[in-house]
Amino acid sequence: MIRLDKYLADMGMGTRSELKKMIRSGRVQIDGVPAKKPEEKVDIASQTVTLDGKAVAYQKVEYYMLHKPAGVVSATKDKKEKTVLDLIGGQKRKDLFPVGRLDKDTEGLLLITNDGDMAHRLLAPGKHVDKVYFARIDGKVTNEDVIQFSEGVDIGDGDLTLPARLEILTSAEESEILLTIQEGRFHQVKRMFEAVGKKVTYLKRMSMGSLVLDENLKKGEYRPLTKEELEKLC
Ligand code: URA
């Protein structure tokens with residue numbers, strides 16, 4: 001059971017004070033009966049809440065795949081910068097957050113959820129979840145780099161990075177690569193390439209565990225995870 005105003009606030013229907021007014025003015029019904037007070041209790045498993053005649057389903061956990069564009073920060077709030085949550089429009093839960101961080105200039109897959117357990121399963125250092133990045137590198141990426149990355153690189157943290165899989169797609173003045181890492185250290189991909197004397201000029205996350213960026217999503221677009229994606233992630 002959950003308070004009616006919390007139910008509606010969780011589903012992004014308004015602030016508590018706005019909702020109070022909506023409820024008191026008879027716009028909200030529980031099982032077809034106009035609610036009178038914000039503190040009325042709703043059984044989320046069996047009751048139906050409507051606002052202005054439209055059903056408002058209660059979802060405890062939500063999961064969105066965002067194609068993060070460059071230029072937004074991976075935070076829930078920021079005084080100056082646009083955040084990834086500013087891109088999740090419409091009615092949204094107040095407790096959504098991005099699972100892990102991508103740098104402001106990094107693009108690609110970002111999972112947005114309010115499921116803390118799921119975030120922990122994906123991010124905890126001991127879990128070793130694969131993260132695959134596509135990158136453009138200023139410089140010629142070589143087989144020596146492949147070997148070095150597979151053995152671990154000193155990026156100045158005291159301990160080497162875990163073995164990482166570097167796949168060279170093109171190698172010239174500018175190279176294109178795929179890199180699979182199982183950690184999420186600060187600026188990790190950029191620092192790994194710096195450690196071998198090269199610079200990342202473009203970075204995009206392609207996947208995280210079983211979750212693969214949907215290339216139908218344009219930069220800045222998002223969609224709920226499908227049932228299959230969610231089952232695999234769990
Ligand atoms: N590694 C980086 O250097 N930046 C990111 O945004 C993600 C991984």
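Between the side chain of K190 and the backbone N or O of K199, no donor-acceptor pair lies under 3.5 Å. No side-chain donor-acceptor contact under 3.5 Å links T106 to the backbone of L102. Using a distance-only test at 3.5 Å, with no hydrogens or angles considered, a donor-acceptor pair links the side chain of D214 to the main chain of N216. At distances below 3.5 Å, at least one donor-acceptor pair connects side-chain atoms of R191 with backbone N or O atoms of I155. Remark: the backbone N or O of V73 is not paired with any side-chain donor or acceptor of D78 at under 3.5 angstrom. S175 contributes no side-chain N or O that, together with a main-chain N or O of I137, makes up a donor-acceptor pair within less than 3.5 Å. Looking at D103, its side chain never comes within 3.5 Å of a backbone N or O of D105 through a donor-acceptor pair. Using modelled atom types, no side-chain atom of T180 and backbone atom of D130 make a donor-acceptor pair closer than 3.5 Å. In this structure a side-chain-to-backbone donor-acceptor pair under 3.5 Å is present from T170 to E176. A distance-only check finds no donor-acceptor pair linking the side chain of S171 to the backbone of K140 [under 3.5 Å].
Under a hydrophobic-cluster definition in which Ile, Leu, Val, Met, Phe, Trp and Tyr are linked whenever side-chain heavy atoms come within less than 4.5 Å, directly or via other members, L213 and V189 are assigned to different clusters. No continuous path of ILVMFWY side-chain contacts below 4.5 Å connects I88 to V61, so the two sit in separate hydrophobic clusters. Residues V146 and V196 share a hydrophobic cluster, clusters being chains of Ile/Leu/Val/Met/Phe/Trp/Tyr side chains in contact below 4.5 Å. No chain of hydrophobic side-chain contacts below 4.5 Å, direct or via other Ile, Leu, Val, Met, Phe, Trp or Tyr residues, connects L111 to V132. Under the 4.5 Å side-chain heavy-atom criterion for Ile, Leu, Val, Met, Phe, Trp and Tyr, Y64 and L85 are members of the same hydrophobic cluster.
Atom CZ of F134 and atom CG of L169 lie 6.5 Å apart (nearest 0.5 Å). Atoms CD and CG, on Q47 and L4 in that order, are 9.5 Å from each other to the nearest 0.5 Å. Between Y63 atom OH and C234 atom SG the span is 5.5 Å, to the nearest 0.5 Å. To the nearest 0.5 Å, atoms CG (L87) and OH (Y222) are separated by 9.0 Å. Expressed to the nearest 0.5 Å, how far CE of M13 lies from NZ of K54 amounts to 8.0 Å. E62 contributes atom CD, which lies 8.0 Å from atom OG1 of T113 (distance to the nearest 0.5 angstrom).
In this structure, K131 and Q182 have side chains that are not in contact, with every pair of non-hydrogen atoms separated by 4.5 Å or more. I168 is listed as a side-chain neighbour of N143, based on a closest heavy-atom distance under 4.5 Å. When side chains are defined from C-beta on, L166 counts as touching I177, because their heavy atoms get closer than 4.5 Å. Looking at heavy atoms from C-beta onward, K198 lies out of side-chain contact with D138 at the 4.5 angstrom threshold. Residues I112 and V99 form no side-chain contact, since every pair of their non-hydrogen atoms from C-beta on lies 4.5 Å or further apart. When side chains are defined from C-beta on, V212 does not count as touching M206, because their heavy atoms never get closer than 4.5 Å. The closest side-chain heavy-atom distance from Y58 to V56 is not below 4.5 Å. Counting only heavy atoms from C-beta outward, the side chains of D10 and K94 never approach each other to under 4.5 Å.
L123 and G100 get closest at one heavy-atom pair: CD1-N, 3.6 Å. A164 approaches M192 most closely through the heavy-atom pair CB-CE, 3.8 Å. The two residues L109 and M65 make their nearest non-hydrogen contact at CD1-CG, 3.5 Å. Contact detail for A75 and V84: the closest heavy-atom pair is O-CG2, 3.7 Å. The two residues M208 and V129 make their nearest non-hydrogen contact at C-CG1, 4.2 Å. Here the closest non-hydrogen pair linking R165 and E167 is NH2-OE1, 3.3 Å.
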Please determine whether side-chain contact (heavy atoms from CB on, under 4.5 Å) holds for the pair L211 and L225, giving the CA-CA distance in whole Å, both sets of side-chain angles, and the decisive distance to 0.1 Å.
CA-CA 9 Å; L211 194 61; L225 293 197; 3.8 Å; yes
Going through the checks in order, is the side-chain contact (heavy atoms from CB on, under 4.5 Å) test met by M22 and L19?
CA-CA 5 Å; M22 292 182 202; L19 291 166; 3.9 Å; yes
Check step by step if side-chain contact (heavy atoms from CB on, under 4.5 Å) holds for I44 and K60.
-> CA-CA 9 Å; I44 55 174; K60 271 195 190 154; 3.6 Å; yes
For E18 and K20, what are the C-alpha separation, side-chain angles and deciding distance, and is it a salt bridge (charged side-chain N to carboxylate O under 4.0 Å, His left out)? CA-CA 5 Å; E18 287 166 351; K20 227 178 232 173; over 6 Å; no
Residue pair K204, E215: steps toward the salt bridge (charged side-chain N to carboxylate O under 4.0 Å, His left out) verdict: CA-CA 12 Å; K204 177 178 182 181; E215 286 293 348; 3.3 Å; yes
- Step by step, would you call L162 with I181 a side-chain contact (heavy atoms from CB on, under 4.5 Å)? CA-CA 8 Å; L162 287 178; I181 58 175; over 6 Å; no
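With respect to R185 and E183, a salt bridge is recorded, a charged nitrogen being found less than 4.0 Å from a carboxylate O. Salt bridge K68/E107: absent, no basic N to carboxylate O contact under 4.0 Å. Of the charged side-chain nitrogens involved, none lies within less than 4.0 Å of a carboxylate oxygen, so that D86 and K82 do not count as a salt-bridged pair. For the pair R223 and E229, the salt-bridge criterion is met [side-chain N within less than 4.0 Å of a carboxylate O]. Between D5 and R3 a salt bridge is recorded (basic side-chain N to carboxylate O distance below 4.0 Å).
Enclosure of atom CZ in R24 by more than 12 non-hydrogen atoms of other residues, nucleotides or ligands within 6.0 angstrom is indicated. Around the CD atom of E144, the shell of radius 6.0 Å holds no more than 12 heavy atoms that belong to other residues, nucleotides or ligands. A 6.0 Å sphere centred on CZ of R101 holds no more than 12 heavy atoms belonging to other residues, nucleotides or ligands.
Less than 6.0 angstrom separates the ring centroid of F149 from the ring centroid of F193.
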